[in-house]
Structures are given as structure tokens and as C-alpha cells.
Amino acid sequence: MRALFRYLLALAALLAIWQIGSLALGEFLLPRPLDVLAYFGEALTTGAFWQHAGASAWRVLSAMSLAWLVAFPLGLILGHVRSVDNTLSPMVFLTYPLPKIVLLPLFLTLFGLGDLPRVLLIALTTGYQILVVTRASAQGLDKKYLDSFRSLGGTPLQMLRHVLIPAALPDAMTALKVASGTAVAVLFMAESFATRRGLGFLIMDAWGRGDQLEMFTGILAMSLLGVALYELCNVLETRSCRWRNFHMAGKR
């Protein structure tokens, strides 16, 4: 309830700033928030809007799931196995600064104009963030914990389950939350052309037609998708890192 109250308070402040901006710039450039909210409410009753929203939600959720399934285990391996890290890390850090969105035309050429190239692009972008943080977290684990576990007769699989994953998971989940914002930004770019579905397409199509209310409805919907994605990651972090919650509660 506290989180909901904070969101509502922040929303009220943003709407007030929006209203002031609308009065200053004029409704043609910046529609009044109440008009956009009314239009948004009407859009929620149409099947076309939900087709766009559903396509965007499926793409970003699929992409982030794929990114996690690949990047988190790989980050653990790089952070724990030095020989693998020495081989792959130079390639990772050489390609990490590359803006992945520039690969969209290549992905569209290789995989067609469907959902696959957009999902892969978002997964690639967010996967790097998860990979780099997970690797650093695994490398930062004090070796005495590993030595102590080995001295107790722990197997490599048990060490992975009871030491490496719990040590790296909190930082990796934080990276996942940060990556959720990146995922929505890349989603918008990926849906801006060569597709007929998605909130990114809805926004750009409305902009091209000069339909401000529909354009801002799409922007609002994509913003809400980003908030929902972040909160989903937050819930996953809370449930998967319960021991950290107990530790933080003890400090208080």
C-alpha cells in the first residue's frame, strides 16, 4: 500500500507539471492531462489498443526472460572459472559499449520482420547489463567462503546452489531492475518501424498523423508498461532474495 501511495503521489505531481506545461505551450503541442486520461480510458475498451499493448508486453517479457536465462549463468561461469573468463571477457567488454540498437537492421535482415529480431535485440541489450554485474559479483565473493565450503565436503553443484548463486543473485536482480528501463527504451526503438503492432508503432503512427491524444495515450501506456515491468522485477527480487530481506530487517 505504501508503494501504491507513493506512486499516486508522484503521479499527481507529474500531472500538475503536465497541466502547467500544457497551459504554457498550448493544447496543440501538449494536450491537457485530463483529456489524455479520458482518451486513454476509451482506448482501454478497444481491441486494437490491447493488440498493441499485448504485442509490446510479450516482446519485452520474452526478451528479458531470455536475457536472464543466458546472462546470469554465463556471468556465474565467468566470475568463477578463470580460464573461461580469460577467454570470453575480452570479447564481452569489447562489444559491451556498442549501442545494440544499431544492429536492428541486421537482425531484421537475418530473422525477418516478425517478433524474433526485436526480442533478440532487447535480450542482447539487457543481457549485457545482467552479465557484467553478475560476473563482477561472483568475482567479488571472498575466497574464504569457497574454501570453507570445500573443507566441509561440499560438491561443486552444492557450491553453486548454496554459495555462488546466493552471493550473486541480489546484485543480478538489481541489474535486472535497471535493465527493465533499458528494455522498454529499446522496445520503443524496435517497434518504431518495420512493424504494424506494438506501442512503439502506435506512438509513431499517431505522431505521423498529428493525433496528439493517441500519441500521448501510447506514451502513457508504454510508461505504465515500464512501471509494471520494474515492479515485477522488484517482486521477483524480494521473493528470490529473502535472506537479504531478513538481514536488512535485522540491521534496522
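If you read the sequence from its start, that first residue is 1, and numbering goes on from there. Note that the coordinates shown come from a computational prediction; the quantities given were computed from them, not determined experimentally.
With hydrophobic clusters built from ILVMFWY side chains whose heavy atoms lie under 4.5 angstrom apart, Val119 does not share a cluster with Phe111. Both Val92 and Phe72 sit in one connected hydrophobic cluster of ILVMFWY residues. Membership requires side-chain heavy atoms under 4.5 Å apart, directly or through other members. In the hydrophobic clustering of ILVMFWY residues, with side-chain heavy atoms under 4.5 Å counting as a link, Trp58 and Met189 come out apart. Val102 and Ile122 end up in the same hydrophobic cluster when Ile, Leu, Val, Met, Phe, Trp and Tyr side chains are linked at under 4.5 Å. When the side chains of ILVMFWY residues are joined at heavy-atom separations under 4.5 Å, either directly or via intervening members, Leu236 and Val133 end up in two distinct hydrophobic clusters.
Leu69 places none of its side-chain heavy atoms less than 4.5 Å from the side chain of Pro73. A heavy-atom distance below 4.5 Å is not found between the side chains of Leu120 and Leu103. Inter-residue side-chain proximity for Phe193 and Leu108 is flagged as met; some heavy-atom pair is nearer than 4.5 Å. Residues Leu176 and Met173 form a side-chain contact, since some pair of their non-hydrogen atoms from C-beta on lies under 4.5 Å apart. Contact of the Leu187 side chain with the Met222 side chain is registered, since non-hydrogen atoms from C-beta on lie closer than 4.5 Å. A 4.5 Å side-chain heavy-atom check between Thr126 and Val178 finds every atom pair outside the cut-off. Side-chain contact between Trp68 and Ile130 is present, with at least one heavy-atom pair separated by less than 4.5 Å. A 4.5 Å side-chain heavy-atom check between Phe107 and Leu124 finds at least one atom pair inside the cut-off.
Here the closest heavy-atom approach between residue Pro117 and residue Gly112 is recorded as CG-O, 3.2 Å. The shortest heavy-atom contact between Phe201 and Thr195 is CD1-O, 3.2 Å. Thr217 and Ala43 get closest at one heavy-atom pair: CG2-CB, 4.1 Å. What you find for Pro31 and Leu213 is that their closest heavy atoms are CB-CD2, 3.9 Å. Here the closest non-hydrogen pair linking Ile101 and Ala190 is CD1-N, 4.3 Å. Closest approach of Ala138 to Ala168, counting heavy atoms only: N-CB, 4.5 Å.
Side chain of Ser192 to backbone of Gly200: no donor-acceptor contact under 3.5 angstrom is found. For the pair Ser89 (side chain) and Asn86 (backbone), a donor-acceptor distance under 3.5 Å is absent. For Thr134 (side chain) and Leu131 (main-chain N/O), no donor-acceptor pair under 3.5 Å exists by modelled atom type. Under the 3.5 Å distance criterion, the side-chain polar atoms of Ser62 are left unmatched by any main-chain donor or acceptor of Arg59. Between the Gln212 side chain and the Leu29 main chain, a donor and an acceptor come within less than 3.5 Å of each other. Thr174 contributes a side-chain N or O that, together with a main-chain N or O of Pro170, makes up a donor-acceptor pair within less than 3.5 Å. With hydrogens and angles ignored, the 3.5 Å screen pairs no side-chain donor or acceptor of Gln139 with any backbone N or O of Gly79.
Atoms CZ and CD, on Arg32 and Gln19 in that order, are 7.0 Å from each other to the nearest 0.5 Å. Here CE of Met215 is found 12.0 Å from CG of Leu220. Values are rounded to the nearest 0.5 Å. Rounded to the nearest 0.5 angstrom, Glu214 CD and Arg209 CZ are separated by 4.5 Å. With rounding to the nearest 0.5 Å, the separation of CD1 in Ile219 from CG in Leu224 is 12.0 Å.
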Mind running salt bridge (Lys or Arg N to Asp or Glu O under 4.0 Å) on Arg196 and Asp205 for me, showing each step along the way?
CA-CA 9 Å; Arg196 302 290 296 180; Asp205 182 63; 5.4 Å; no

Should Arg197 and Ser56 be marked as a side-chain hydrogen bond (donor to acceptor under 3.5 Å, both in side chains) after you check the CA-CA gap, both sets of side-chain angles, and the distance that decides it?
CA-CA 8 Å; Arg197 295 186 307 136; Ser56 293; over 6 Å; no

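At a threshold of 4.0 Å, the pair Arg118-Glu191 does not count as salt-bridged, since none of the basic side-chain nitrogens sits closer than that to a carboxylate oxygen.
For the pairing with His80, the side-chain contact (heavy atoms from CB on, under 4.5 Å) check across Leu164, Val163, Asp85 returns one residue only, Leu164.
Checked against a 6.0 Å centroid threshold, the rings of Trp18 and Phe216 count as neighbours.
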